[in-house]
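These figures come from a predicted structure and were not determined experimentally. Quick note on labels: first sequence line is chain A, next is B, and so on, each numbered from 1.
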Number of protein chains: 4
Amino acid sequence: MAGSNAPNENKKEKEAVIFDAACKVIRSKGFHQARITDIAQAAGISYGLVYHYFRSKADLFEAIQREWWQSLLNMMDVSDRKSISPEEKLADVVHYFLDVYENRPDMVHIFITEISRASSNLTPENLEWFKIFMSRTENIMAEAQSGRILRSDIRARYLTYIFLGGLETFLSTMVLENQPLKGRTQKQRIADAILEVFLNGARPKP
Amino acid sequence: MAGSNAPNENKKEKEAVIFDAACKVIRSKGFHQARITDIAQAAGISYGLVYHYFRSKADLFEAIQREWWQSLLNMMDVSDRKSISPEEKLADVVHYFLDVYENRPDMVHIFITEISRASSNLTPENLEWFKIFMSRTENIMAEAQSGRILRSDIRARYLTYIFLGGLETFLSTMVLENQPLKGRTQKQRIADAILEVFLNGARPKP
Amino acid sequence: MAGSNAPNENKKEKEAVIFDAACKVIRSKGFHQARITDIAQAAGISYGLVYHYFRSKADLFEAIQREWWQSLLNMMDVSDRKSISPEEKLADVVHYFLDVYENRPDMVHIFITEISRASSNLTPENLEWFKIFMSRTENIMAEAQSGRILRSDIRARYLTYIFLGGLETFLSTMVLENQPLKGRTQKQRIADAILEVFLNGARPKP
Amino acid sequence: MAGSNAPNENKKEKEAVIFDAACKVIRSKGFHQARITDIAQAAGISYGLVYHYFRSKADLFEAIQREWWQSLLNMMDVSDRKSISPEEKLADVVHYFLDVYENRPDMVHIFITEISRASSNLTPENLEWFKIFMSRTENIMAEAQSGRILRSDIRARYLTYIFLGGLETFLSTMVLENQPLKGRTQKQRIADAILEVFLNGARPKP
DNA sequence: TATGAATGAGCTTTCATTCAT
DNA sequence: AATGAATGAAAGCTCATTCAT
């Protein structure tokens with residue numbers, strides 16, 4: 001066994017260092033304002049070295065986006081495979097976002113400010129991920145409508161907007177005000193508020 | 001008769017032309033990527049002239065933000081003075097956003113992508129406006145809680161997030177997918193969906 | 001008689017207003033930093049009007065230089081025609097500069113900072129005036145050497161430099177420190193110091 | 001052996017190349033007219049590189065001024081430490097200027113046209129250097145007055161003006177007419193003329 | 001005469017990217 | 001792997017000058 005210093009492993013590690021530094025800088029300055037110099041400085045390396053690991057600044061940003069979407073959709077795959085109820089699937093989504101916010105707040109910040117909104121960053125690839133995520137959430141809504149858990153006189157797509165909107169605005173405000181998530185209890189309370197209001201609000205009329 | 005060509009009026013008109021051109025360009029490229037050249041071209045003037053009407057690019061962007069916030073808060077003033085119920089006040093907010101989206105979609109787009117989210121654009125002045133808007137919406141929520149229209153076991157601030165979040169995500173998606181608002185009916189349906197789910201979802205338990 | 005408002009007189013007056021305003025602005029910012037807008041503002045007119053009276057910014061500056069040199073050389077003509085002694089001619093030069101400094105300090109300032117030194121302003125025409133002035137002063141020196149008033153073992157040209165240098169540095173310091181000339185007595189004292197040191201220092205050995 | 005190509009040395013060398021190129025360009029066009037492009041071209045590098053070594057155009061100009069004043073005041077320190085007579089100290093000043101003119105005529109040119117006169121370039125720092133230089137020269141004059149070498153009925157400050165004025169006008173004319181200093185003899189002759197006329201002219205009456 | 005809107009060349013500065021070492 | 005010197009395209013802003021009114 002080559003040990004933890006195998007060349008390939010080193011490479012991955014350094015790549016991760018640059019990746020994290022990039023997230024940190026992009027979070028505070030926005031993608032277009034983040035300079036390679038800033039990222040290199042944050043990573044503690046020379047700026048020339050960034051180009052050994054990433055083809056270009058755009059490439060680095062694409063890697064961040066890809067990482068975000070793959071991780072999110074992977075969670076939805078797992079959630080699907082557990083073949084749980086629609087309510088639990090929605091709860092999984094909410095908890096996933098809150099967990100990532102707790103562990104990698106930069107990623108959520110970038111998603112909120114640079115990926116989910118800024119249309120100037122909308123590469124065709126990114127838009128594709130976006131649509132997939134929306135349509136998978138819409139599927140959960142449709143499933144819930146079939147099971148009479150959610151009212152059917154509002155389009156599944158509209159319900160999707162309302163649900164993700166509440167979640168996003170919560171995150172957005174925490175992100176903009178730099179609020180840390182204080183422990184399990186607060187996370188649970190927020191998750192409950194979002195889920196309860198939505199499920200309650202969209203419950204079919206008896 | 002002074003006619004419609006009084007010099008001052010001309011000046012205001014040209015300023016508006018540049019303002020609108022700037023909105024259009026900022027909408028499609030984002031603020032930092034919008035070049036003065038683009039704006040001038042969109043306005044059909046030479047770029048030097050932009051500086052006749054606006055001190056700098058930042059000044060132009062500030063003017064757009066100021067216009068947005070003043071118009072929004074003005075609507076809330078009017079809504080307040082009508083001394084209507086909290087539900088009607090929330091309906092006013094929803095309809096205001098949908099109306100602006102119908103008439104000046106660029107403004108809503110910029111609000112969604114550049115003002116409400118991008119923290120790198122957060123001037124202290126802008127943050128101030130933001131807080132005022134949030135706190136005025138929170139007041140409506142508190143008022144509704146007092147009147148037993150909304151449940152009181154969720155903080156007024158959380159209710160604010162959930163409400164504005166749904167609205168924003170609707171707009172955001174329409175904005176990102178360039179969906180036009182097709183007439184009064186669709187606008188009403190969307191408004192109803194947002195309001196009903198929210199009011200229903202946050203109604204006090206009997 | 002048309003009175004003081006004859007059109008031509010008006011034109012001359014306005015021209016003089018612009019001229020003086022230009023001197024004031026050029027004095028404080030230097031020629032290249034002086035903007036037409038500044039000059040127009042100082043003159044209390046619109047900037048477009050400057051171009052009715054002067055072909056261009058360079059033209060305006062040339063007018064100022066011409067005015068300076070013509071006035072100076074005119075004084076030397078008068079001094080020559082009085083057929084006075086070389087000492088008196090040198091005294092005339094010193095007093096002329098001090099008088100102009102008292103009445104039109106801007107002109108002296110511009111001469112010191114923009115005309116006599118800055119080689120980047122040296123138009124061929126300006127250089128011509130300069131040489132004429134130098135050579136006429138040199139003539140006075142030569143005349144004084146012939147009359148055994150000044151020593152002959154130092155070239156007349158060198159004496160010219162030393163003489164004008166002392167005068168210029170006096171003016172330069174007053175100009176840079178914005179010292180006003182306080183009355184006849186101070187003017188006389190300065191003139192005496194310059195003249196005495198020079199004449200004494202350059203007196204032939206007995 | 002590290003050799004002459006140690007990285008730090010290279011850096012200093014390149015910085016010096018840019019510095020000299022800047023002097024050359026500023027000399028011929030004046031500071032405000034000197035473009036970064038000109039300087040880069042004169043230095044044989046791309047203009048982007050200028051910003052690698054100097055923060056800005058103003059920074060580059062400040063470096064030139066600092067170099068000038070530090071070198072000049074350093075000479076005066078050395079001259080003081082030799083504890084020589086006031087006459088010799090004045091001679092040191094004159095020879096210093098003539099030496100620099102011989103070896104680095106650009107520096108003298110810039111001093112004459114851009115530093116010593118142009119009030120639009122007068123940064124507070126520059127003004128401070130200026131005052132120090134003036135007051136140290138004045139000290140020499142006062143010392144000479146105490147020792148009965150110079151007359152005391154003219155203020156030491158006035159004597160300073162007259163002395164530096166002669167020197168400056170010499171240099172100024174050589175500079176403006178691009179006269180090269182032709183060897184030791186001419187330098188000595190000029191120095192003698194300046195010193196002799198001044199010391200003679202300002203000698204106390206017997 | 002008088003105004004100031006309009007133009008665009010020209011300049012400084014930034015920064016992604018390349019490449020020699 | 002790693003550095004940072006070097007390049008130059010690109011963008012913001014200024015301001016002399018023109019011209020319609």
Looking at DNA chain E, which of residues 43-56 of chain B put a heavy atom within less than 4.0 Å of it?
I45(B), S46(B), Y47(B), G48(B), L49(B), H52(B), Y53(B)
Whether K57(A) contacts dC15(E) is assessed here as follows: a side-chain N or O lying under 4.0 Å from the phosphate OP1 or OP2. Is that the case?
no
Rounded (10°) bend between the five-pair end axes of the helix from dA2(E)-dT21(F) to dT21(E)-dA2(F)
0°
Under the ring pair (Phe, Tyr, Trp, His ring centres under 6.0 Å) rule, collect the residues that match up with F61(B), sequence neighbours excluded.
F31(B)
Keeping the roles fixed (side chain from K14(D), backbone from Y53(D)), state whether a donor-acceptor pair exists under 3.5 Å.
no
F130(D) meets the ring pair (Phe, Tyr, Trp, His ring centres under 6.0 Å) criterion, sequence neighbours left out, with W69(D)
Tell me the interatomic distance from Q33(B), atom CD, to dA11(F), atom C1', rounded to whole angstroms.
11 Å
Using 0.5 Å steps for rounding, measure from the OG atom of S46(B) to the CD1 atom of I36(B).
11.5 Å
From CD1 of I39(C) across to P of dA2(E) the rounded distance in Å is 17 Å
Between P of dC13(F) and CZ of R35(C), the distance in whole Å:
15 Å
Give the rounded distance in Å between these two atoms: NE2 of H32(D) and C1' of dT12(E).
14 Å
Gap between atoms CD and P, on E15(B) and dG4(E) respectively (whole Å)
16 Å
Tell me: CD1 of I18(B) to C1' of dA6(E), nearest whole Å?
11 Å
Do the side chains of H109(B) and E114(B) get nearer than 4.5 Å, heavy atoms only?
no
Sorted by chain and residue number, the salt bridge (Lys or Arg N to Asp or Glu O under 4.0 Å) partners of D38(A) (sequence neighbours excluded) come out as K29(A), R35(A)
To the nearest angstrom, the CG-P distance between L60(A) and dT17(E) comes to 10 Å
Given dG4(F), is OP1 or OP2 found less than 4.0 Å from the side-chain N or O atoms of K11(D)?
no
What pairs of donor and acceptor atoms, side-chain ones from residues 15-25 of chain D against any protein atom, are under 3.5 angstrom apart with sequence neighbours left out?
residue: D20(D); atom: OD1; partner: R104(D); partner atom: NH2; Å: 3.4

In this structure, how many angstroms lie between the C1' atom of dT3(F) and the CD atom of Q41(A), rounded?
14 Å
What distance separates I26(A) CD1 from I115(A) CD1, expressed to the nearest 0.5 Å?
9.0 Å
Of the candidate nucleotides dA11(F), dT12(E), dA16(E), which contains the atom at the shortest distance from the side chain of I36(A)?
dA16(E)
Is A34(D) touching bases, backbone alone, or none of the nucleic acid, heavy atoms closer than 4.0 Å?
sugar-phosphate
To the nearest 0.5 angstrom, please state how far the CD atom of Q65(A) sits from the CG atom of N126(A).
4.0 Å
